[in-house]
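Below is one structure, written out as structure tokens, with a few remarks after it.
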Amino acid sequence: QVQLVESGGGSVPAGGSLRLSCAASGRTFSNYRMGWFRQAPGKEREFVANIWSSGNPSYANSVKGRFTISRDNAKTAVYLQMNNLKPEDTAVYYCALGPTGTTWFDYWGQGTQVTVSA
């Protein structure tokens, strides 16, 4: 049983920063991708960022240049540094993991709330 736990959410004013963390446990992985998604009230869940086992990242256009995703393979962890936060970034942020060879993310965390005030 794989478990992903997010942390680092909170409330900040516009222009502030937060660093989200996510650690996976319950299974050993060799090659895998990890990513972040978010869901705002009344909205569909959307892609935020992804990082491959090689370390290459990808970002949604809405966060490109402001957010940075990174990973720690020794800890099976992924991080999301969020700078210059905007009220539109307010959402529940979810961590996800997908082993290499699968078509999509197979494991998901419970989510952590990020609130950005105007």
Side-chain angles (χ1 to χ4, degrees):
Q1 184 69 31
V2 175
Q3 182 178 9
L4 277 65
V5 179
E6 303 99 334
S7 62
S11 298
V12 295
S17 298
L18 284 173
R19 180 178 171 85
L20 304 183
S21 300
C22 172
S25 63
R27 184 181 298 179
T28 300
F29 297 95
S30 55
N31 298 292
Y32 55 94
R33 62 190 183 277
M34 297 190 76
W36 291 94
F37 293 74
R38 67 186 183 187
Q39 187 168 19
K43 305 291 185 180
E44 298 293 327
R45 186 172 300 185
E46 65 176 346
F47 168 79
V48 176
N50 171 82
I51 187 165
W52 303 96
S53 61
S54 64
N56 290 336
S58 63
Y59 300 94
N61 288 334
S62 60
V63 307
K64 191 174 298 183
R66 299 188 297 121
F67 292 9
T68 302
I69 188 171
S70 60
R71 62 188 288 158
D72 185 338
N73 291 337
K75 299 178 180 179
T76 315
V78 64
Y79 309 93
L80 187 68
Q81 178 66 47
M82 305 186 293
N83 297 326
N84 192 25
L85 283 161
K86 304 175 180 180
E88 63 194 52
D89 295 319
T90 296
V92 176
Y93 283 70
Y94 297 90
C95 172
L97 184 153
T100 297
T102 62
T103 58
W104 195 237
F105 296 95
D106 297 327
Y107 308 103
W108 295 81
Q110 299 277 38
T112 185
Q113 177 70 47
V114 171
T115 301
V116 184
S117 60

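All values reported here derive from a predicted model rather than from experimental measurement. Hydrogens, waters and symmetry mates are skipped; everything else that's a heavy atom, side chains included, is used.
Taking hydrophobic clusters as Ile, Leu, Val, Met, Phe, Trp and Tyr residues chained together by side-chain heavy-atom distances below 4.5 Å, Trp108 shares a cluster with Val92. Side-chain heavy atoms closer than 4.5 Å link hydrophobic residues (I, L, V, M, F, W, Y) into clusters, and following such links, possibly through other members, connects Ile69 to Leu85. The hydrophobic clustering, which links ILVMFWY residues whose side-chain heavy atoms are closer than 4.5 Å, places Leu97 and Phe105 apart.
Side chain of Arg33 to main chain of Trp104: a donor-acceptor pair is present (N/O by atom type, distance under 3.5 Å, no hydrogens or angles). No side-chain donor-acceptor contact under 3.5 Å links Tyr59 to the backbone of Arg66. A donor-acceptor pair is defined here as one N or O able to donate and one able to accept, closer than 3.5 Å; no such pair exists between the side chain of Thr112 and the backbone of Glu6.
Of the listed residues (Val12, Asp89, Val63, Val114), just one forms a side chain to side chain contact (heavy atoms under 4.5 Å, CB included) with Met82, and that residue is Val114.
Nearest heavy-atom pair across Leu18 and Gly8 is CD2-O, 3.8 Å. The two residues Ala24 and Leu4 have their closest heavy-atom pair at CB-CD1, 4.0 Å. Considering every non-hydrogen atom in both Ser53 and Asn73, the closest pair reads O-ND2, 4.5 Å. Minimum interatomic distance between Pro87 and Ala14 (heavy atoms only, all atoms of both residues): CD-CB, 4.1 Å. Summarising the geometry of Val78 relative to Cys95, their closest heavy-atom pair is CG1-SG, 3.6 Å, with the distance given to 0.1 Å.
To the nearest 0.5 Å, atoms SG (Cys22) and CD (Gln110) are separated by 11.0 Å. With values rounded to the nearest 0.5 angstrom, Phe67 atom CZ is found 11.0 Å from Trp36 atom CH2. Taking CG of Asn56 as the reference point, atom CD1 of Ile51 lies at 8.0 Å (rounded to 0.5 Å). Distance CG/Leu80 to CE/Met34: 11.5 Å, rounded to 0.5 Å. Interatomic distance, OG1 of Thr100 versus CH2 of Trp52, reported as 8.0 Å (0.5 Å rounding). Rounded to the nearest 0.5 angstrom, Gln3 CD and Tyr107 OH are separated by 13.0 Å.
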Exercise. Does the pair Thr90 and Gln113 meet the rule for a side chain to side chain contact (heavy atoms under 4.5 Å, CB included), with working shown?
Worked result: CA-CA 8 Å; Thr90 296; Gln113 177 70 47; 4.1 Å; yes
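Within the structure, ring-ring contact (aromatic ring centres under 6.0 Å, His included) contacts touching residues 69-98 (residues at least two apart or in different chains) do not occur.
Among residues two or more places apart in sequence or in another chain, the side-chain hydrogen bond (donor to acceptor under 3.5 Å, both in side chains) test is passed with Gln81 by Asn83.
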All N/O donor-acceptor pairs, side-chain side in residues 39-48, below 3.5 Å, sequence neighbours left out:
{"residue": "Gln39", "atom": "NE2", "partner": "Lys43", "partner atom": "O", "Å": "3.1"}
{"residue": "Glu46", "atom": "OE2", "partner": "Arg38", "partner atom": "NE", "Å": "2.7"}
{"residue": "Glu46", "atom": "OE2", "partner": "Arg38", "partner atom": "NH2", "Å": "3.3"}

